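Reviewing the structure listed below.
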Number of protein chains: 2
Amino acid sequence: MTEYKNIRIKDIAQMAGVSVATVDRVLHKRGKISEKAFQKVMEALEKTGYKPNLMASTLGAKKKYKIAALVPNPLQDDYWNQSASGILNAISEWEQYNVQIETFYFNLYDRTSFIAMSRKVLSQRPDGVLLAPIFHQEANEFFDELKASSIPYVLFNTNIPNATPISFIGQDLYQSGRVGAEMLHTKLSEPGNIAVLHVYEAIQNGVHLSEKEKGFRDFFRDNRLDDFTILSYEFENTHESEFSRELMTIITRDKLKGIFVSTSKGAYLTASVIDQAGIKDIALVGYDLLKNNIHYVYDRVINYLINQNPRKQAFLGISYLVNYLLFRKVPPANVLFPLEVISRENIKSYLNSGLN
Amino acid sequence: MTEYKNIRIKDIAQMAGVSVATVDRVLHKRGKISEKAFQKVMEALEKTGYKPNLMASTLGAKKKYKIAALVPNPLQDDYWNQSASGILNAISEWEQYNVQIETFYFNLYDRTSFIAMSRKVLSQRPDGVLLAPIFHQEANEFFDELKASSIPYVLFNTNIPNATPISFIGQDLYQSGRVGAEMLHTKLSEPGNIAVLHVYEAIQNGVHLSEKEKGFRDFFRDNRLDDFTILSYEFENTHESEFSRELMTIITRDKLKGIFVSTSKGAYLTASVIDQAGIKDIALVGYDLLKNNIHYVYDRVINYLINQNPRKQAFLGISYLVNYLLFRKVPPANVLFPLEVISRENIKSYLNSGLN
DNA sequence: TTCGTTTTTGTGTGCGCAAACATTATCTTT
DNA sequence: AAAGATAATGTTTGCGCACACAAAAACGAA
């Protein structure tokens, strides 16, 4: 492969013996072109490894792309607040370019609000969509409409089996369960009972959480840690006081040695119960750098957090869409983020680095 | 503050009643200008909150910036190999822009080679320099020369007290020692002796490593883990077989329960000794995702690694320089990376994510 | 005043590309 | 074979800026 650089459309045109417009037509698949010209242009393109100058490209283009981000209301939950902040970062990152990024917030606890907002998104005729498909069923219907309008979309946080996004950004849930198990295990000095807690805010996707549990259980099984018994409990839309009562019952009845909470919000809810009861010997592992979670890590109530990095997920999602639309750069179909282990000693380094 | 957008130089010129060239002179502080014109232009600039269009700016500029990266030879060490790969990534990231990034490799074990290469860098008259200042003394002399030529530089990996780079990129060494201690401690089932190993390839900077040890010791002290005794050993330029012999002596004599190795290469050297001796009950914590280290994590010989992310460090360093030169964007003076904890269960997620 | 200097301001071109616009070649149809 | 249609190709402009170049003021000495 020969090394050419700073090859311009003009150069390609010259090499192929055609005009710049013909090259442009090949590059953008627009207009008709003779087979002969096409071949010659392609040849020159491949020979030189032509890469368009992105700056000249965006400068020359008049078209403004519209990107819609459909995510839960950031005010309802700190986790989604961080997602939203990632989107804001992306907006300022790309404001120089020919893109206009608009956010659409839906109610995390209300699927009809998701439907309403998804309609609104469609009515705006965006060129690309980023979304967190919390509600599977409703999301699928939305995907169909996007497909019908051939609007590319990127999924993050939650994957959906039959969807065909240009990219999914998230984590390996199964493996994250294993990491949770690994870390919890290091904090268990002696055998006993462990609980996996699924604390939902709304009737969410079971898949999302059961994958984590699967990984969690498999870790103990694969390492032949048979003297630990894993119990699991679900709390659905449970009021805080009720949750507190039920959890205390479980803790004492089951003589729990450790708890793994599969949701970010569940972590500090659980920590709060443990803390208020003055219990000191229960190991606790949860998810995400929420304000409240951070507090309990400092207080040694939460031992480890697994960081899902919602900020970065959302940011990357927008970046992929922009690159796809502006530069026709196809993103990887699946991006699984590192399973970051947060402890009392390294948490500050995560909060300060600002690279999240 | 009124909201204007897409304000061009032309608009500013019109508002100030001058020509675009005058505005250009104000913006770039070049050429002489009358006080009156200056005031009027400044007024318009502030009123509109003018922001230059970066794309048009780089497209229009003819000047090519030269950036030099002065780093250890990647062939000598996998750690520095990863640094170099980060630089390569940066090169392809910025190849579209008016920058030319050139790498200069020096011999990790030979300070004269550093001097020679730093001279070569200067002779190229670069507009910016990225460097890993392995050799303190020599680096300081280099800084003086850079300062004399007013060439901005970014430091990474190793910080140097009196240097005045536009940015330093690295980690909090003290805190990283604490994280190492924290993780090692979780793997110590019973009290006993622990060793801190400093395995140098060359006479490097003691500061770099002793900061880690300080953090390591402080963790045990602050948590009143008095029943652990911490010993420290230095290996300087030690041949592998000799290292093996000496380490075995120490392990048996001191009845070591755990080992913390402060250098990336030291980790797998130590692991190799432990592994070959068939010792199973020593906890081991080290640094970085080197090929050999990864292998020993899978084999459970190394329990945890702290990732310094050399690839990302170097990449970011170049990006900061480019932004500084091309867009006059001043980077943060200090960027301390997250102290990533790598374990057997999450290591794959780090290797696969490709975001490093 | 006049001409040469210096200071200050203005005009024009090109960066690489997208896209509107303009032209030429190639068919059809009668 | 001429006229119209259509397919294929070519020319030009402008995006916002940097910068070379050109021009006009302002100043100064004779």
Side-chain angles (χ1 to χ4, degrees), chain A residues 4-42 44-45 48-65 95-99 127 325-329, chain B residues 4-42 44-45 48-65 95-100 127 325-328:
Chain A
Y4 290 85
K5 52 178 161 179
N6 296 339
I7 294 289
R8 303 159 300 171
I9 285 187
K10 206 178 182 179
D11 300 318
I12 299 292
Q14 203 164 16
M15 290 176 70
V18 296
S19 74
V20 289
T22 304
V23 178
D24 181 80
R25 287 181 184 101
V26 172
L27 287 172
H28 296 80
K29 302 180 177 57
R30 55 178 161 221
K32 308 236 170 174
I33 219 170
S34 72
E35 183 61 26
K36 203 170 66 183
F38 180 82
Q39 290 299 341
K40 292 184 95 175
V41 170
M42 282 306 286
L45 286 175
T48 56
Y50 168 80
K51 280 186 178 181
N53 180 317
L54 301 188
M55 262 130 355
S57 177
T58 52
L59 193 62
K62 293 169 203 307
K63 178 165 174 59
K64 303 272 175 206
Y65 289 93
E95 69 184 347
Q96 297 275 347
Y97 297 73
N98 296 330
V99 283
D127 300 286
L325 293 172
L326 259 64
F327 314 131
R328 288 170 291 283
K329 199 187 277 178
Chain B
Y4 288 86
K5 51 180 164 181
N6 297 338
I7 293 290
R8 302 158 301 169
I9 285 187
K10 205 178 182 180
D11 301 318
I12 299 291
Q14 204 165 14
M15 290 176 70
V18 296
S19 75
V20 290
T22 304
V23 178
D24 180 79
R25 286 181 185 100
V26 173
L27 287 172
H28 295 80
K29 303 179 178 55
R30 54 179 161 221
K32 310 236 171 174
I33 219 170
S34 71
E35 182 62 23
K36 203 172 67 183
F38 180 81
Q39 290 300 343
K40 292 184 94 174
V41 170
M42 281 307 284
L45 285 176
T48 57
Y50 169 79
K51 279 186 178 179
N53 180 318
L54 300 187
M55 258 117 17
S57 176
T58 53
L59 193 62
K62 291 170 203 308
K63 175 161 176 62
K64 303 276 175 202
Y65 289 95
E95 68 184 348
Q96 298 275 347
Y97 296 73
N98 295 331
V99 282
Q100 185 208 327
D127 300 287
L325 294 172
L326 260 62
F327 313 130
R328 290 173 286 284

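Order of the sequence lines fixes the chain letters, A, B, ..., with proteins taken first and strands second; residue numbering starts at 1 for each chain. What you see is a predicted model, and the numbers here were worked out from it, not measured in a lab.
The side chain of B:Arg8 has D:dG16 as its nearest neighbour among D:dG16, C:dG16, C:dT8. Across C:dT11, C:dA18, D:dC17, the shortest atom-to-atom separation from the side chain of A:Ile9 is found for C:dA18. Comparing D:dC19, C:dA18, D:dC17 against the side chain of A:Asp24 picks out C:dA18 as the nearest. Distances from the side chain of A:His28 to the nucleotides C:dA19, C:dA18, D:dG10 place C:dA18 closest. The side chain of B:Ala37 lies closest to C:dT9, out of D:dC17, C:dT9, D:dA18. The side chain of A:Val20 approaches D:dT11 more closely than any other nucleotide in the set C:dA18, D:dT11, C:dC15. Candidate nucleotides C:dT9, C:dG16, C:dG10 were compared by shortest atom distance to the side chain of A:Leu59, and C:dG16 ranks first.
Side-chain contact between A:Tyr50 and A:Val23: absent, with no pair of heavy atoms (C-beta onward) separated by less than 4.5 Å. Counting heavy atoms from C-beta outward, A:Val26 and A:Leu45 have side chains that approach closer than 4.5 Å. Between B:Thr48 and B:Met15, the closest side-chain pair of non-hydrogen atoms falls below 4.5 Å.
The distance between atom OH of A:Tyr97 and atom P of C:dA18, rounded to the nearest whole Å, is 15 Å. Between the C1' atom of D:dC15 and the CG atom of B:Asn6 lies a distance of 11 Å, rounded to the nearest Å. The CE atom of A:Met55 sits 16 Å away from the P atom of D:dG16 (whole-angstrom rounding). Atom CD1 in B:Ile33 sits about 15 Å away from atom P in D:dA26, given to the nearest Å.
One finds no salt bridge joining A:Lys64 and A:Asp127 here, because no Lys/Arg side-chain nitrogen approaches an Asp/Glu carboxylate oxygen to under 4.0 Å.
B:Arg25 contributes no side-chain N or O that forms a donor-acceptor pair with the base of C:dT8 under 3.5 Å.
For the pair B:Thr58 (side chain) and B:Leu54 (backbone), a donor-acceptor distance under 3.5 Å is present.
Taking only side-chain nitrogens and oxygens, A:Thr22 comes nearer than 4.0 Å to OP1 or OP2 of D:dG10.
Looking at which nucleotide of DNA chain C each of B:Phe38 and B:Ala56 is closest to, the 5′-most match is held by B:Phe38.
Residue B:Ala61 is in sugar-phosphate contact alone, with no base atom involved, counting any heavy-atom pair closer than 4.0 Å across all strands shown.
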